[in-house]
There are 2 protein chains.
Amino acid sequence: MTDGAEDDTGGRKRLGVREIAKRVGVAPMTVSRALSNPEMVSPETRARILEAIEQAGFVPNRLASSMKGNGRMIGTVVPPLINSGIADQVQGMSDECHESGYSMLLVQGEFTQEAEERAIRNLLGWRPAGMILQSFVQSEAARALLANSSAPVVEISEIKGRKPIDMVVGISNFETAYAMTMHLAAKGYKRIGFVSTPIHGNDRLQQRRTGYHAALTELGIPNHDNMEVEVPITAQGGAEALVTLTSRHKDIDAIFFSSDTLAIGAVQECHRRGWAVPGRIAIAGYGDMDLAAQLFPPLTTVKVNRYEMGRRAVRQLLARLGGNAKVPTITSLGFEIVDRESA
Amino acid sequence: MTDGAEDDTGGRKRLGVREIAKRVGVAPMTVSRALSNPEMVSPETRARILEAIEQAGFVPNRLASSMKGNGRMIGTVVPPLINSGIADQVQGMSDECHESGYSMLLVQGEFTQEAEERAIRNLLGWRPAGMILQSFVQSEAARALLANSSAPVVEISEIKGRKPIDMVVGISNFETAYAMTMHLAAKGYKRIGFVSTPIHGNDRLQQRRTGYHAALTELGIPNHDNMEVEVPITAQGGAEALVTLTSRHKDIDAIFFSSDTLAIGAVQECHRRGWAVPGRIAIAGYGDMDLAAQLFPPLTTVKVNRYEMGRRAVRQLLARLGGNAKVPTITSLGFEIVDRESA
DNA sequence: AACGCTTATGGTTCCGGTACCATTTTTGTT
DNA sequence: AACAAAAATGGTACCGGAACCATAAGCGTT
């Protein structure tokens with residue numbers, strides 16, 4: 001074929017620092033420096049090198065740099081993005097990464113211990129400079145893999161309880177749920193239900209439920225197990241949970257959902273039935289997603305700044321990589337009970 | 001420190017195929033083969049090698065393989081995840097990637113030409129086996145970079161119009177918007193407004209608007225520019241657009257939103273004002289997100305299978321990488337007008 | 001003019017898996 | 001038994017930056 005070549009430069013030579021160096025008439029090392037330590041190269045030489053690079057359309061091979069230990073890649077494991085508000089976090093991580101010249105390797109999913117191990121093994125194969133783990137069930141094997149690798153680890157998770165692998169960024173899910181339950185009680189609700197997505201293996205949810213229980217206990221309200229329901233993380237799940245709980249307990253007056261998505265679904269179901277919110281039943285969510293404030297009626301919810309959480313996780317990792325030994329092990333972000341009209 | 005070593009294996013030797021080979025008493029090459037071409041190694045040798053690998057906690061360095069051209073990484077560029085339904089697509093891409101042993105490098109953002117070029121350059125530095133681009137403004141520089149790299153490219157985008165770089169997976173945004181507008185007209189609506197997020201530089205939105213225009217023209221309804229509004233992609237944006245359009249045009253009877261998020265925000269605003277939907281005004285969305293079906297009233301919308309779109313994009317890339325020359329250049333996914341009660 | 005010190009540049013080797021080719025062992029055929 | 005063909009394994013070089021050390025040039029000081 002005729003090789004739609006652009007200009008005369010195009011002998012089909014392998015394009016690398018060596019080739020650029022040859023064209024400019026310097027050593028490969030000088031080209032390398034012009035890219036990663038510009039101040040070590042004289043302005044004139046640098047200009048000529050950059051010009052040649054531009055001209056040749058040369059893109060430095062980051063795999064090669066990485067092999068020399070200068071990797072600028074971060075491996076991340078996150079829960080499914082759909083409906084969970086995780087998208088905000090990923091955006092935060094992504095933004096922070098790219099502002100610092102790092103690339104983000106992403107694995108997402110709901111994992112069994114075995115799948116989790118595979119996912120982490122895959123990521124570690126790329127020898128990332130650091131890892132950020134979010135949906136992490138903590139198999140022993142995975143812990144060992146991470147320990148063997150030299151990569152610092154930030155977990156985005158519950159900040160209480162379980163011993164962290166390395167660093168943790170997150171909130172106290174216990175506190176948030178405790179606070180919301182107390183808040184509902186303070187507003188006069190006495191029979192408060194709790195709805196979440198499947199709790200098994202998810203310590204964030206476990207902590208929230210425990211916070212809910214603790215508040216009830218403190219309030220002198222007995223914990224009835226059948227005031228709790230688990231449903232899939234969909235609006236329909238929320239609607240179904242509402243139906244289940246209200247038909248089980250005629251006198252239930254408030255429901256605390258572990259996710260805004262569920263709460264919003266429940267509010268829609270109330271509209272369908274012509275139930276006033278919070279007249280017939282009060283509804284509270286978790287996450288303060290964009291729609292929460294705009295919902296009719298506006299949703300009372302727990303506000304967590306997920307975007308910031310993502311950014312912080314990356315920043316913490318980079319701080320550690322930057323040699324700052326004084327990086328805190330645990331960073332706790334605040335939360336806020338946003339009292340709107342749904343409860 | 002005391003080096004909490006586990007077992008005797010742990011002389012602090014660099015861990016690589018060479019080290020494993022030494023321990024097993026074979027050549028490095030044989031270890032490599034045991035991992036990537038198991039059938040080329042006798043079952044007994046293989047077993048001993050795998051055992052040693054397991055025992056040592058060895059994770060093969062994928063950077064090194066990649067440098068020999070066996071890269072299993074895909075670079076992706078997607079629009080912001082928040083509120084846009086893109087999350088489904090990313091999930092689809094991620095799932096398909098991991099099922100095939102590929103890793104996914106993710107960049108997300110709303111790009112200027114310059115930022116886009118930087119993002120693509122960053123990704124190409126990793127020498128990905130392929131690229132999937134979604135928010136792509138098509139600077140000349142970026143095109144050149146991609147052409148220079150040997151990576152096949154799949155664009156997830158409008159399938160009409162602009163010349164594709166390589167392969168395209170997507171829908172005809174024109175068709176979808178045309179169909180929805182016609183659908184609204186068929187239901188008797190005569191004054192149909194159009195609301196989208198900022199259109200500039202987004203050819204998917206441009207195509208939708210053009211489809212809307214085409215339908216109006218065919219219906220003999222004049223296009224009034226002030227029947228169109230652009231707002232940010234938030235529920236609040238949708239609410240504001242509703243207010244703007246209805247106060248501008250007392251007789252407007254339907255609004256077609258370019259995103260479910262906007263439409264849902266508008267429906268909430270209607271509730272707030274006590275307006276019946278579709279009695280006072282009909283509302284249609286785009287995307288069929290989870291909540292659409294559960295909304296009160298259920299949202300009429302354009303259903304696009306974004307998850308599948310993500311999967312297809314990856315599959316198409318892998319098919320090409322698998323040497324299948326007969327991979328189609330353009331894959332068009334279907335869509336569906338979901339007629340519910342909001343319009 | 002001679003010395004020390006900074007700055008600019010070059011040469012070589014390595015990171016770790018694997019392509020390529022060479023060599024040995026096993027199996028099958030007449 | 002003799003030889004072809006297949007299967008299993010080994011040795012070496014390479015991908016492309018960059019660390020490390022060596023060398024050369026520039027410049028101020030006594």
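Quick note on labels: first sequence line is chain A, next is B, and so on, each numbered from 1.
Residue Ser66(B) is out of contact with every strand shown, counting any heavy-atom pair closer than 4.0 Å. At a threshold of 4.0 angstrom between heavy atoms, the contacts of Val41(A) are confined to the sugar-phosphate backbone, with no base atom among them. Counting any heavy atom pair closer than 4.0 Å across all strands shown, Val31(B) reaches no nucleic acid atom.
Which of dG17(D), dG17(C), dC20(D) sits closest to the side chain of Phe58(A) comes down to dG17(D). Of the candidates dA19(C), dA18(D), dG17(D), dA19(C) carries the atom nearest the Met29(B) side chain, counting heavy atoms from C-beta on. Of the listed nucleotides (dA19(D), dT9(C), dG16(C)), dG16(C) has the atom at the smallest distance from the side chain of Met67(B).
In this model, no donor atom of one side chain and acceptor atom of the other lie less than 3.5 Å apart for Glu155(B) and Gln134(B).
For dG17(C), its base sits under 3.5 Å from the side chain of Arg18(B) at one donor and acceptor pair at least.
Distances shorter than 4.0 Å separate none of the side-chain N or O atoms of Thr30(A) from OP1 or OP2 on dT9(C). Within the structure, a side-chain polar atom (N or O) of Asn70(A) is placed less than 4.0 Å from OP1 or OP2 of dA19(D). Between Ser32(B) and the phosphate of dT18(C), there is a side-chain N or O to OP1/OP2 separation shorter than 4.0 Å. Side-chain N/O atoms of Ser65(B) include none lying less than 4.0 angstrom from OP1 or OP2 on dG16(C).
A salt bridge does not link Glu44(B) with Arg48(B): none of the charged nitrogens is closer than 4.0 Å to a carboxylate oxygen. A salt bridge is defined here as a Lys NZ or Arg NE, NH1 or NH2 lying under 4.0 Å from an Asp or Glu carboxylate O, and Glu117(B) with Arg143(B) fails to meet this definition. Between Arg312(B) and Glu308(B) there is a salt bridge, with a side-chain nitrogen of the basic residue lying less than 4.0 Å from a carboxylate oxygen of the acidic one.
Heavy-atom minimum distance, Arg72(B) versus Ser100(B): NH1-O, 3.5 Å. Contact record, Gly75(B) with Pro128(B): N-CB, 3.8 Å, taken as the closest heavy-atom pair.
Taking the nucleotide of DNA chain C with the nearest heavy atom to each of Ala27(A) and Arg33(B), the more 5' of the two is matched to Ala27(A).
Helix bend of the helix from dA1(C)-dT30(D) to dT30(C)-dA1(D): the angle between its two end axes, each built from five pairs, comes to 30° after rounding to 10°.
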### Query
Can you check side-chain contact (heavy atoms from CB on, under 4.5 Å) on Asn148(B) and Phe58(A), steps first, answer last?
CA-CA 9 Å; Asn148(B) 259 9; Phe58(A) 166 61; over 6 Å; no
